[in-house]
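Every value quoted in this text rests on a predicted model; they were computed, and no experiment measured them. Hydrogens, waters and symmetry mates are skipped; everything else that's a heavy atom, side chains included, is used.
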Amino acid sequence: MPRDHAQSAEPLDPGARAPSPRAADRTPGEAETPFLELLARGASADAYEQPVLLARAEGGPAERIAALERAKLLALRVRSELEGRRRREAELSALFETAHDLAGLRDLDAVLRAIVQRARSLLGTDVAYLSLNDPARGDTYMRVTEGSVAARFQQLRLGMGEGLGGLVAQTARPYVTDDYFKDARFQHTHNIDAGVRDEGLVAILGVPLMLGHHVIGVLFAADRRARVFEREQIALLGSFAALAAAAIDTANLLAETRSALAELERANEIIRDRSGVIERASDVHDRLAELVLRGGGVHDVAAAVSQVLAGTVEFTEAAAAPAGALESSHAEGHAVRHEDDWIAAVSAGGELLGALVLRGHPGLDPVDQLTLERAAMVTSLLLLARRSAAEAEQRVRGELLDDLLDARDRDPRLLRDRAARLRADLDATHVVLAARLDATAPDADQEADARRRLWAAASHLAATRHGLAAARDGGTVLLLPLDARGTATDLARRTARALGTAVHEAVTVGASAPVGDLAARPEAVAAAYAEARRCLDALRLLNRSGDGAAAEDFGFLGLLLAGDRDIAGFVDRTIGQVVTYDERRGTELLRTLDAYFACGMSPARTKDELHVHVNTVAQRLERVGRLLGDDWQSPARALEIQLALRLHRLSGPAQH
């Protein structure tokens, strides 16, 4: 049928019969319609064969099929043009974003990482990486990698002329290969080939980073399969390389500016603020960095990694982790599989601090394995930071207590300020406690280790109770606040139990009498410490190892141990209830006690001494027993009561 007739929209004769359905199929523009629909919905290139195949299957005329073929070719050209424009728009957008990052450059690594990430994404490669030249060593080294999973590859150094990258760095020309190991143009070395083989790379494209006429590094895009890189892709990677070189140049200028400002204006802190985080390479980096910045703990790290890896990650002590897997992870520096779990050693130097355990996740890919390993590294840093902070605080607490014991600083205001920074209140009532391990270590090293453990436990106890602690005289001295309802004895016993539990050995604790106003009277701390040591020595002489006591617990012996010779306190503790009873009721229990002891504890002789009936003596002694306790006539108690009676008489006017 003629073309112009086929494109007519009206019948030639008003009386002519209606066109057949096959003729109706040949209305103008009908051949383009299905392809326009395919373009509208962004169909794949294969889908454009469908209308032609369908027309042939229906037995359509040759003109119809030819029109569809022409429309198909035209639509594919339009589709290709649209895809090219979209691709160019994406490339231009990425270049614009990179240029924007460069304009606001604060962190060179972040900008270089963004360049490598965008290059990898737009070129659709498995790996992208950037190396920089080292003029001092005459080679080039890896600076940023994206998609890399091999540690050896990430640490490669290429001599000038070695491998593809070394050749690019040497010649300042881009090089590309679709199969690196089969390409004889490059100088293959064992170290480079081993790193590339570890990473599994096959096709590699490298372009130089130029500053003027000087090559400062190489930008790479690589695949783990054979691939031919198009000219447009080489040009695009070259554009990213130019931006990377500009970023490095800008960073160098910024570094020079920072140095000048530091020398002239000491603006180091302002410059450091400019190096704040702009973007992170992955979600796990963001999470871990946030945890570190907000002071999160090891269990927070485990919880964050659990979300990223979609599994259960736990931090365990070294003793609780599988020994073989833990040692292997520690030795290799990588997470290792143990049955259905993965073990990543948390270590610092040669010390094992614990492990991160990924539960029930046997199919861990290399990237997730690297995430677990990095989380273990962050965990070790957190543990070391906590330990360093605790040790620093312990040293500061010890230094303040040493100054109080030696009365070095007599400025009350400065003492209060130093104590306040440690959350201690020198105006409160305190007790000085001397603590010592009872067991004797077999050698000097073990003895020193035991003392360090005691000091660490005492420092922790002091920190939690807003006190101070220091190592001194082969033991530990503590300055702890006294509760309003507590006694020095109670505090000594609680401290002995707490320290003994912490070090798994018996710890004996001697306590001073309560002391106050330490900021104004720092010399009182030294006197109280001497009293606490005397109590400690008394406990050990009395074979009361692992116990705690104050001078008030030793009866009249406490008068000798106490630093202030608290006679009134001794009298009150011993016969205070009898004195109070006589004063309130006008009785003569004290006089009766005096006579009773003077008469050799004989009621018959006592009644003659007092000129009263023997029953009166018995009643008075019974009342004394109710006031002082049933054991008041035991030898030890009787001795204390007699001493208290004498001191009572000496401290006041005669009672008879």
By side-chain hydrogen bond (donor to acceptor under 3.5 Å, both in side chains) - contacts of [X] (at least two apart):
X      : result
Ser148 : Gln154, Glu199
Thr495 : none
Arg337 : none
Gln155 : none

Query - Leu433 and Val477: CA distance, side-chain angles, deciding distance, side chain to side chain contact (heavy atoms under 4.5 Å, CB included) verdict - result: CA-CA 6 Å; Leu433 304 110; Val477 55; over 6 Å; no
[X] side-chain N/O to [Y] backbone N/O, donor-acceptor pair under 3.5 Å:
X      : Y      : answer
Ser328 : Gly324 : no
Ser512 : Val432 : yes
Ser634 : Asp631 : yes

Spatial distance of atom [atom1] ([X]) from atom [atom2] ([Y]) [nearest 0.5 Å]:
X      : Y      : atom1 : atom2 : answer
Thr429 : Leu480 : OG1   : CG    : 13.0 Å
Met601 : Leu593 : CE    : CG    : 9.5 Å
Thr580 : Arg584 : OG1   : CZ    : 6.0 Å
Ile641 : Leu590 : CD1   : CG    : 11.0 Å

Residue list, side-chain contact (heavy atoms from CB on, under 4.5 Å) with [X], at least two apart or on another chain:
X      : result
Arg485 : Asp483
Arg451 : Glu447
Arg359 : Thr312, Glu314, Thr316, Asp341, Val357
Asp425 : Asp427, Ala428

Between [Y] and [X], is there a side-chain heavy-atom distance shorter than 4.5 Å?
X      : Y      : answer
Val149 : Leu370 : no
Leu356 : Val346 : yes
Leu372 : Trp342 : yes
His430 : Leu478 : no
Val515 : Val431 : no

Requested in this report: Answer yes or no: is there an ion pair linking Arg143 with Asp109, defined by an N-O contact shorter than 4.0 Å?
Outcome: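 Salt bridge present between Arg143 and Asp109.
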Report task. Classify the angle between the aromatic ring planes of Trp632 and Tyr596 as parallel (below 30°), tilted (30 to 60°) or perpendicular (above 60°). Result ->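 The rings of Trp632 and Tyr596 sit tilted, inter-plane angle from 30° to 60°.
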Requested in this report: Tell me, please, which residues at least two apart from Asp630 pass salt bridge (charged side-chain N to carboxylate O under 4.0 Å, His left out).
Outcome: none
Report task. Please list, chain by chain and in numerical order, all residues satisfying salt bridge (charged side-chain N to carboxylate O under 4.0 Å, His left out) with Arg623, sequence neighbours excluded. Result -> none
Do you know which two heavy atoms are closest between [X] and [Y], and how far apart they sit?
X      : Y      : answer
His466 : Pro481 : O-CD, 3.8 Å
Thr508 : Gly546 : OG1-N, 2.9 Å
Gly548 : Ala496 : N-CB, 4.2 Å
Leu628 : Ile575 : CD2-CA, 4.3 Å
Ala435 : Val509 : CB-CG2, 3.9 Å
Ala458 : Thr476 : CB-CG2, 3.4 Å

Query - Audit row: Arg157, Met142, side chain to side chain contact (heavy atoms under 4.5 Å, CB included) steps and yes/no - result: CA-CA 7 Å; Arg157 300 188 73 98; Met142 293 291 186; over 6 Å; no
Query raised in the report: If you look only at pairs with a residue in residues 495-505, which of them pass as a salt bridge (Lys or Arg N to Asp or Glu O under 4.0 Å), with sequence neighbours excluded?
Result: Arg453-Glu505
